[in-house]
Amino acid sequence: VRQLVKSPGFTVLAVLSLALAIGACSAVFSLANALLVRIMPFPNPGQLVSVESVHPKQRSASAGPADFRDWRMQNTVFERMAYASFVSLNLTGQSFSGFAEPELLTGTQVSDDFFPLLGVAPALGRWLKAEDKETRVVLLSHRLWLRRFGARPEVVGQTLTMNGYGY
């Protein structure tokens, strides 16, 4: 303690070095925990696998619905398979207060097995069915349901206009 009091410059440098090292270790641990260690909030997360397709002439690495249909027909390994792909949708017209400004949404186009595969249940309404392929069905996120539709349960079953089509 006497030595540290005697040379305050060295003391400040040592304390700052320790603080920086502890902060860096905490940041690295938090990142590793979030990306590598934390268990996903699904039943049996160790059994979930993500498969992607890389097409030489395209820059995207996502498989299309045709790829998925082929994989599903030829599957001899997986218990269940589902398709998911990101899409952008322009929601127009509806909100809990009546008319609202158009809103660009990022969503996910999924196959009917997607949610049962993850083992989750809907808060309201129902999940997709195989016969929904013939119609346009949309599932709202909880956040969108709260923000845009005021958490009103009567929004289930209503028609929403996205990209100019009724869903």
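This one's a predicted model, so the numbers in the text were calculated from it and none came from an experiment.
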- prompt: Could you state the interatomic distance from OH (Y167) to OG1 (T159), rounded to the nearest 0.5 Å?
  reply: 12.5 Å
- request: Starting from the C-alpha separation in whole Å, work towards a yes-or-no answer on side chain to side chain contact (heavy atoms under 4.5 Å, CB included) for V138 and M162.
  value: CA-CA 10 Å; V138 66; M162 291 191 273; 3.3 Å; yes
Under 3.5 Å, which donor-acceptor pairs link side chains of residues 25-32 to any protein atom two or more places apart or in another chain?
unit_1 : atom_1 : unit_2 : atom_2 : d
S26    : OG     : I22    : O      : 3.0
S30    : OG     : S26    : O      : 3.0

Same apolar cluster: L140 and L104, side chain cutoff 4.5 Å: no
task: To the nearest 0.5 Å, tell me how far D112 CG sits from Y83 OH.
output: 13.5 Å
message: Tell me whether the count of non-hydrogen atoms from other residues, nucleotides or ligands lying under 6.0 Å of CD in E154 goes above 12.
response: yes
query: Would R147 and E103 satisfy salt bridge (Lys or Arg N to Asp or Glu O under 4.0 Å), going step by step from the backbone distance to the final call?
result: CA-CA 12 Å; R147 181 178 47 77; E103 184 175 357; 2.7 Å; yes
query: Can you list the residues that meet the side chain to side chain contact (heavy atoms under 4.5 Å, CB included) rule with S7, with sequence neighbours excluded?
result: F10
query: How many angstroms lie between OG1 in T106 and CG in L89, if you round to the nearest 0.5 Å?
result: 8.5 Å
message: So, using salt bridge (charged side-chain N to carboxylate O under 4.0 Å, His left out) as the criterion, who are the partners of R136 when residues are at least two apart?
response: none
- prompt: Can you tell me how far the CG atom of L124 sits from the CG atom of L139, to the nearest 0.5 Å?
  reply: 11.5 Å
Results of side chain to side chain donor-acceptor pair (under 3.5 Å) for D113 - residues two or more places apart only: R72
task: State the OG-CZ distance between S111 and R69, to the nearest 0.5 angstrom.
output: 11.0 Å
query: Are L160 and L91 close enough, and set up right, to give a side chain to side chain contact (heavy atoms under 4.5 Å, CB included), and what steps lead you there?
result: CA-CA 7 Å; L160 303 178; L91 175 63; 4.3 Å; yes
field: Heavy-atom pair with the smallest gap, counting every atom of A151 and L146
entry: CB-CD2, 3.4 Å
message: Under the ring pair (Phe, Tyr, Trp, His ring centres under 6.0 Å) definition, can you give me all pairs with a residue in residues 100-125, not counting sequence neighbours?
response: F115-W127
- request: Please report the shortest heavy-atom distance between R152 and W145, naming the atom on each side.
  value: O-NE1, 3.0 Å
- prompt: Is N90 reaching over with its side chain to a backbone N or O of N163, donor-acceptor style, under 3.5 angstrom?
  reply: no
- prompt: Do you know the tightest heavy-atom contact between V110 and L128?
  reply: CG2-CD1, 3.6 Å
Test side chain to side chain contact (heavy atoms under 4.5 Å, CB included) applied to V77 - qualifying residues, sequence neighbours left out: N75
- prompt: In Å, rounded to the nearest 0.5 Å, how long is the span from OG of S88 to CG of L105?
  reply: 9.0 Å
message: Could you see if W71 belongs to whatever hydrophobic cluster contains V49? Use Ile, Leu, Val, Met, Phe, Trp, Tyr and a side-chain cutoff under 4.5 Å.
response: yes
field: Atom of R80, atom of L117 and distance for their closest heavy-atom approach
entry: O-CD1, 3.4 Å
